[in-house]
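A quick write-up on the structure given underneath.
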Amino acid sequence: MITVKIKGVDQVVRSYNRKADGVEDALTEGTIEASEYIIDCIEDKFGKYQPGWPQLKPDTIIKEVKAGAGSNANKPLIEFGDMMFSFTSKISARTRKHLVHILSDDPKLIHHMYGAPAAGVPKRDPVRPTIKDENDKCLDIIRKAVRRVLK
């Protein structure tokens, strides 16, 4: 199981008066919206080469065509789509703490995130760079959810 966390959510949560009407629910709603957004961003990386990702080897493409991957055979990280759609989120909304964990239970993902040279799998991480790049946007989504309530 792969788990990554959107950083800074707790700091955003602490910056609001949580006793104001609706703020607690808005924080939970915002964290859910942020997790859905980040999962969409991660899924969008599948099938599209990202900067620094090596091209698929011709042998890999041939193997995927023979396995029935069809038009996906020449796209990175996508053969049948099972890994792409393996992401879920876990929201933990406890007193004074909201956490968002992005999870995947696909066993192949770890080999792509870190690379598996012995198996000929290069590093093509769609998760951690996306979390890093989109982290501030996620925090903005949470802030906007709270601002809607405070108006």
Quick one: side chains of residues 116-134, donor-acceptor pairs under 3.5 Å with protein atoms, not counting sequence neighbours, listed by atom name and distance.
{"unit_1": "R124", "atom_1": "NE", "unit_2": "P54", "atom_2": "O", "d": "3.1"}
{"unit_1": "R124", "atom_1": "NH2", "unit_2": "P54", "atom_2": "O", "d": "2.8"}
{"unit_1": "R124", "atom_1": "NH2", "unit_2": "Q55", "atom_2": "O", "d": "3.4"}
{"unit_1": "D125", "atom_1": "OD1", "unit_2": "V127", "atom_2": "N", "d": "2.8"}
{"unit_1": "D125", "atom_1": "OD1", "unit_2": "R128", "atom_2": "N", "d": "3.2"}
{"unit_1": "D125", "atom_1": "OD2", "unit_2": "R128", "atom_2": "NE", "d": "2.5"}
{"unit_1": "D125", "atom_1": "OD2", "unit_2": "R128", "atom_2": "NH2", "d": "2.9"}
{"unit_1": "R128", "atom_1": "NH2", "unit_2": "M113", "atom_2": "O", "d": "3.2"}
{"unit_1": "T130", "atom_1": "OG1", "unit_2": "K45", "atom_2": "NZ", "d": "2.9"}
{"unit_1": "T130", "atom_1": "OG1", "unit_2": "P126", "atom_2": "O", "d": "2.5"}
{"unit_1": "E134", "atom_1": "OE1", "unit_2": "Y37", "atom_2": "OH", "d": "2.5"}

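- Here CZ of F85 is found 12.5 Å from OG of S104. Values are rounded to the nearest 0.5 Å.
- Rounded to the nearest 0.5 Å, atoms CG (L56) and NZ (K63) are 10.0 Å apart.
- H111 is not listed as a side-chain neighbour of L109, based on a closest heavy-atom distance of 4.5 Å or more.
- Linking Ile, Leu, Val, Met, Phe, Trp and Tyr whenever their side-chain heavy atoms come within less than 4.5 Å leaves M84 and F80 in two separate clusters.
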Could you list the donor-acceptor pairs under 3.5 angstrom formed by side chains in residues 135-149, with sequence neighbours left out?
{"unit_1": "N135", "atom_1": "OD1", "unit_2": "K7", "atom_2": "N", "d": "2.9"}
{"unit_1": "N135", "atom_1": "ND2", "unit_2": "K7", "atom_2": "O", "d": "2.7"}
{"unit_1": "D140", "atom_1": "OD1", "unit_2": "R143", "atom_2": "NH1", "d": "3.0"}
{"unit_1": "R148", "atom_1": "NH2", "unit_2": "E29", "atom_2": "OE2", "d": "3.1"}
{"unit_1": "R148", "atom_1": "NH2", "unit_2": "E33", "atom_2": "OE2", "d": "2.9"}

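- Put simply, the side chain of S89 does not reach to within 4.5 Å of the side chain of L103, judged on heavy atoms.
- In plain terms, the two heavy atoms of T28 and T31 that are nearest each other are O-OG1, 2.7 Å.
- In this structure, A73 and V65 approach most closely via the heavy-atom pair CB-CG2, 3.4 Å.
- Contact check for H112 versus M83: side-chain heavy atoms found under the 4.5 Å cut-off.
- Atom CD1 of I39 is separated from atom CZ of F87 by 8.0 Å, given to the nearest 0.5 angstrom.
- At distances below 3.5 Å, not a single donor-acceptor pair connects side-chain atoms of E79 with backbone N or O atoms of L77.
- Contact check on D44 versus K48 returns a salt bridge, with a Lys/Arg side-chain nitrogen under 4.0 Å from an Asp/Glu carboxylate oxygen.
- Salt bridge present: D106 and K108 bring a charged side-chain N and a carboxylate O closer than 4.0 Å.
- Atom CD of E64 is separated from atom OG of S71 by 11.5 Å, given to the nearest 0.5 angstrom.
- Between G47 and I78, the shortest heavy-atom distance links the atoms CA-CG2, 3.7 Å.
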